J.: 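Submitted below is the structure of interest, expressed as structure tokens.
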There are 2 protein chains.
Amino acid sequence: MTETLQPPSASNGEDPAFAAPGAPRRYHHGDLSRALVSAGRRILEREGPDALSLRAVAREAGVSPAAPYHHFKDKSELLEAVAHEGWEELGEAVKEARKRASDAHVALGEIGVAYVSFARQHPALYRIMYRMACDREAMPDGAKTQDSGWTQVESAIIEAGVNPSDERAMMLTQIAAWCTAHGVAEMAGFKEFDGLKAAMGGEQAFIRAVFRHVGIMSGQRAAS
Amino acid sequence: MTETLQPPSASNGEDPAFAAPGAPRRYHHGDLSRALVSAGRRILEREGPDALSLRAVAREAGVSPAAPYHHFKDKSELLEAVAHEGWEELGEAVKEARKRASDAHVALGEIGVAYVSFARQHPALYRIMYRMACDREAMPDGAKTQDSGWTQVESAIIEAGVNPSDERAMMLTQIAAWCTAHGVAEMAGFKEFDGLKAAMGGEQAFIRAVFRHVGIMSGQRAAS
DNA sequence: AAGATGATCTTGACACCGTTCAGATATGTT
DNA sequence: AACATATCTGAACGGTGTCAAGATCATCTT
């Protein structure tokens, strides 16, 4: 703990996200709350979710263990911020997937693949994202409004043929889609499927194939 | 730490699972590893997964914090044992659901509902079960052999019309079923759906409805 | 029967964790 | 220049997983 006495903003010298480009390190840290979130994400990608302690985040940002408490009331509030960033990025990936889909009939499937691909590219982040969503009472502000991922899926469902005025069917389809995507996202990481994934020529092909077989749970015939 | 000096087997005096009925408390504890697993499960049901620390389990079993290390090399090895017990019970629930299903064509759906129901009845336990399964390299011994849940699903898939000699299709259907069930199991606990669940007359009805809408991800038409 | 053996449990310690609080320090305002 | 406020540090508390050393007890050997 002796070398912590350096100027607080020394550990993020080259990152332009922390202070305005021209501003000459204005202040104790500059913009700690943003720095903490990005430090948390860096730890997540580098060392996994178990290494994501509040102290480690503070260490990574170059501040004392108590500093985060001036910007977040809790550890979970910090994680919530990290997760929020993740959900926004996932939302954009979903949006682009929908744009890419030529036929409206397959758009939902493409969205599902995009969802799972994101989760697989950022497994530690996704874990946190989902964990925070689990314990939440309701969806966060701005999740259903605007052009969020949720709304994208909603539109895709309508285009897939569900009657938009049937609120219950809309909701149930939305939920079913999310359930499926989440289930595939988590289980696609299982190591016991590595052999199958390799035999199918990559994880992407594996994911698509699993989606194609999902209908059987609803009593439909097996997919070809 | 002063009242810990009581005889070690004092805290489980009336529980018949720890020592053979006639045996007069044979030994230091009797059968600590089993006692630890059941203590862990008790904590899980009573206080949730976050309260499940190794020390708390030891406390609940009436032994010192280091005692578990003579029976499990790790905390995670203890959790694995707890999870194993859970998977076995879930397997039995699945088995009974399959027996209950009249038509082979709906057996898979019934299995799914049974899976989710179990997860919802033991949410904390299921969380641990799934977490341990995630980090596992392969399925534990005896999961695929004998009449386990996995094998039950396998048979149900065959009866649902998948060609049993097509190994890949069998595997993919199995995985898709598990993904779906897991996704529904976790998301059925979301508080944001409480309103919908109530409007549908209970969680059971909600679960069935979600399963019915799952096929849309594979490009099928919306369910009625 | 007595002593050796090895498994089982306790004690005490270590590093790390989340969290709090009093005090130091820099910023913004008057 | 002096005050007020936001921000950060240092030290502490109770909790955690884990380990090494010692105590205790069932069982095996002689």
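The chains referred to below are lettered A, B, ... by the order of the sequence lines, with proteins before strands, and numbering in each begins at 1. Computed from a prediction, not measured in an experiment: that's the story for all the values here.
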J.: Between Phe118(A) and Val94(A), does a side-chain contact (heavy atoms from CB on, under 4.5 Å) hold up when you go through it step by step?
T.: CA-CA 9 Å; Phe118(A) 181 91; Val94(A) 162; over 6 Å; no
J.: From OH of Tyr69(B) over to C1' of dC14(C), roughly how many Å is that when rounded to an integer?
T.: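 Checked: the OH to C1' distance equals 13 Å.
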J.: Closer to the 5' end of DNA chain C via nearest nucleotide, is it Ala66(B) or Pro65(A)?
T.: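 The residue closer to the strand's 5' end, by nearest nucleotide, is Ala66(B).
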J.: Without decimals, in angstroms, what is the distance between Leu32(A) CG and dT25(C) C1'?
T.: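 Value for this atom pair: 15 Å.
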J.: Pick the closest DNA chain C nucleotide for Leu54(A) and for His70(A) by heavy atoms, then say which residue is nearer the 5' end.
T.: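 Result of the comparison: Leu54(A).
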J.: Would you tell me if any nitrogen or oxygen in the side chain of Ser64(B) comes within less than 4.0 Å of OP1 or OP2 on dC9(C)?
T.: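 Negative; the distance criterion is not met.
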J.: When you match Ala67(A) and Arg55(A) each to their closest nucleotide on DNA chain D, which lands nearer the 5' end?
T.: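 The answer here is Ala67(A).
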J.: Whole angstrom is fine here: how far is it from CG in Asp31(A) over to P in dA6(D)?
T.: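 Checked: the CG to P distance equals 17 Å.
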J.: Using only side-chain N and O atoms of His71(B), determine if any of them is under 4.0 Å from OP1 or OP2 of dC9(C).
T.: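 Yes, such a contact exists.
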J.: Looking only at non-hydrogen atoms, find the nearest pair between Val57(B) and Leu36(B) and report the distance.
T.: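 Nearest pair, atom of Val57(B) first, then Leu36(B): CG1-O, 3.5 Å.
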J.: What integer distance in Å separates Phe72(A):CZ from dC8(D):P?
T.: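 Roughly 11 Å, once rounded to whole Å.
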J.: Whole angstrom is fine here: how far is it from CG in Leu78(A) over to P in dC17(C)?
T.: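 Nearest whole value for this atom pair: 14 Å.
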J.: Answer whether the closest heavy-atom distance between the side chains of His122(B) and Arg41(B) falls below 4.5 Å.
T.: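 Yes. Closest side-chain heavy atoms under 4.5 Å.
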J.: In whole Å, what is the span from the CG atom of Asp74(A) to the C1' atom of dG18(C)?
T.: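 Nearest whole value for this atom pair: 9 Å.
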J.: Nearest whole angstrom, please: distance from the P of dT16(D) to the CG of Asp50(A).
T.: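 These atoms are roughly 17 Å apart.
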J.: Strictly below 4.0 Å, N to O, side chains only: are Glu110(B) and Arg100(B) in salt-bridge contact?
T.: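 Judged by the 4.0 Å cut-off on N to carboxylate O distance, Glu110(B) and Arg100(B) do not form a salt bridge.
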J.: How close or far is atom P of dC9(C) from atom CZ of Arg59(B), stated in whole angstroms?
T.: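 Value for this atom pair: 18 Å.
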